[in-house]
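Count residues from 1 along the sequence. When a ligand or atom number is given, it counts from 1 through the structure's own listing order.
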Amino acid sequence: MEILSTQESDLARAARALREGKLVAIPTETVYGLGANAFDEVAVARVFEAKARPTFDPLIIHIARIEDIGLVAREVPESARSLARALWPGPLTMILPKKSEVPDIVTAGLPTVAVRFPEHPVARRIIELAGVPVAAPSANPFGYISPTTAAHVIDMLQDRVDFVVDGGPCDVGVESTVIDMTGARPVLLRPGGMALEAIEAVIGPVVIPPRTPHSVGHALSSPGQTLSHYAPSTPLYLFEEGSLPDAARSMGIARPSVALVYTPARAREIEAHHLFDAVEVLAPDGDLREAAARLFSILHEFDAGQFRAIYAERVPEAGLGRAINDRLYRASKK
Ligand code: AMP
Ligand code: MG
């Protein structure tokens, strides 16, 4: 594995490597992606292998121009065009009917394809220089916390990736919002870095399916939507806003343990109980964007430390709070 900078000559090397069928970890505004040429079946197979990702979990294809949507999607409904014009580039993935040229391994055999135009200038430049759409899941072992720095990728994947482009920490910090645009009404498949409010402002109401206790291996409308995902190795217990520490106390608190809460004010209230060995704040300035950007880094740090359990409180369910609560829920013990 070789680490590349964001200088143009290094981005050109990354692009050439993609064209040659190599795996390149790329910074995006959401999380680091493990990229491969989307039209190279063998390279895409190596992505699944590197992540130990089950092949029924399809990848998102990344493009660097709105027009390139036609390289992978067979048809693009008017509402999808409106979303692309209004919100791309950005942390929004759309599910569309797949073009037959897209290898089945990318879409896990589904007749649909996931497409995103990322905003990060480094990701855009690499895709442009590569001249091919780039299939990229998050650059972490399947089921584990997503990487938001190059160091996370290097620690987790090591020599299973050929190049890591170090573009610094990711701004958004949680994965893209996934919207299925293939039916009569748009459906939210995964809350993420693009606020649902912003999407509904463009295309009107989006269907939010209830969370059902499906498991890995079932035929899911969005196969990556397993209830347990994005999980740290340290057990994480999730509580309603404002219910720590009483709810945690009633189940017994492991030592050493850490509480994870939204704001500094809430942290001070919890510290006063002297029940946890540490209290970590998701958003020092009390901002949901900041909380999203810091979430996975904090979970990585907890896993590198000595804690035996993490006791987390939900954040407000609005804007990026939906994605944060979704990731916390799926990281948690059920
Ligand atoms: P990741 O790239 O690891 O962040 O995960 C990609 C997400 O997009 C997963 O939740 C997948 O299940 C979802 N996805 C990708 N392709 C499709 C598709 N064709 N239909 C529905 N969901 C998809
Ligand atoms: Mg992932």
Is the contact between [X] and ligand 1 made by the side chain, the backbone, both, or neither, using heavy atoms and a 4.0 Å cut-off?
X	answer
K98	neither
L189	side chain
H62	neither
D180	neither

Can you name the atoms of ligand 1, numbered from 1 with element, that are less than 4.0 Å from a heavy atom of [X]?
X	result
T112	18 (C), 19 (N), 20 (N)
A114	15 (C), 16 (N), 17 (C)
R53	1 (P), 3 (O), 5 (O), 6 (C)
L110	18 (C), 19 (N), 20 (N)
I95	17 (C), 18 (C), 20 (N), 21 (C), 22 (N), 23 (C)
S138	2 (O), 3 (O)

Hey, is ligand 1 close enough to R190 that some N/O pair sits below 3.5 Å?
yes

May I ask you to check if ligand 1 and K51 share an N or O to N or O distance below 3.5 Å?
no

Result block: side-chain N/O donor-acceptor pairs under 3.5 angstrom for residues 236-243, not counting sequence neighbours:
{"from": "S243", "atom 1": "OG", "to": "E240", "atom 2": "N", "distance (Å)": "3.3"}
{"from": "S243", "atom 1": "OG", "to": "E240", "atom 2": "O", "distance (Å)": "2.8"}

With E41, which residues qualify under side chain to side chain donor-acceptor pair (under 3.5 Å), at least two apart?
none

Test of understanding: with side chain to side chain donor-acceptor pair (under 3.5 Å), list the residues that count as partners of T234, not counting sequence neighbours.
D303

Do [X] and [Y] sit within salt-bridge range, that is, some charged N less than 4.0 Å from a carboxylate O?
X	Y	answer
D326	R322	no
E175	R190	no
R13	E2	yes

Is it true that the side chains of R74 and S100 contain a donor and an acceptor less than 3.5 Å apart?
no

Can you tell me if [X] uses its side chain to pair, donor with acceptor, with the backbone of [Y] under 3.5 Å?
X	Y	value
H273	I270	no
D162	L23	yes
D277	S257	yes

Member of S297, S146, C170 meeting the side-chain contact (heavy atoms from CB on, under 4.5 Å) criterion with H152
S297

Name of the residue among V164, V47, N140, V24 meeting side-chain contact (heavy atoms from CB on, under 4.5 Å) with L34:
V47

So, leaving waters aside, the tally of protein N/O/S atoms less than 2.8 Å from the Mg ion (ligand 2) stands at 1

Please determine whether any non-hydrogen atom of T107 lies less than 4.0 Å from an atom of ligand 1.
no

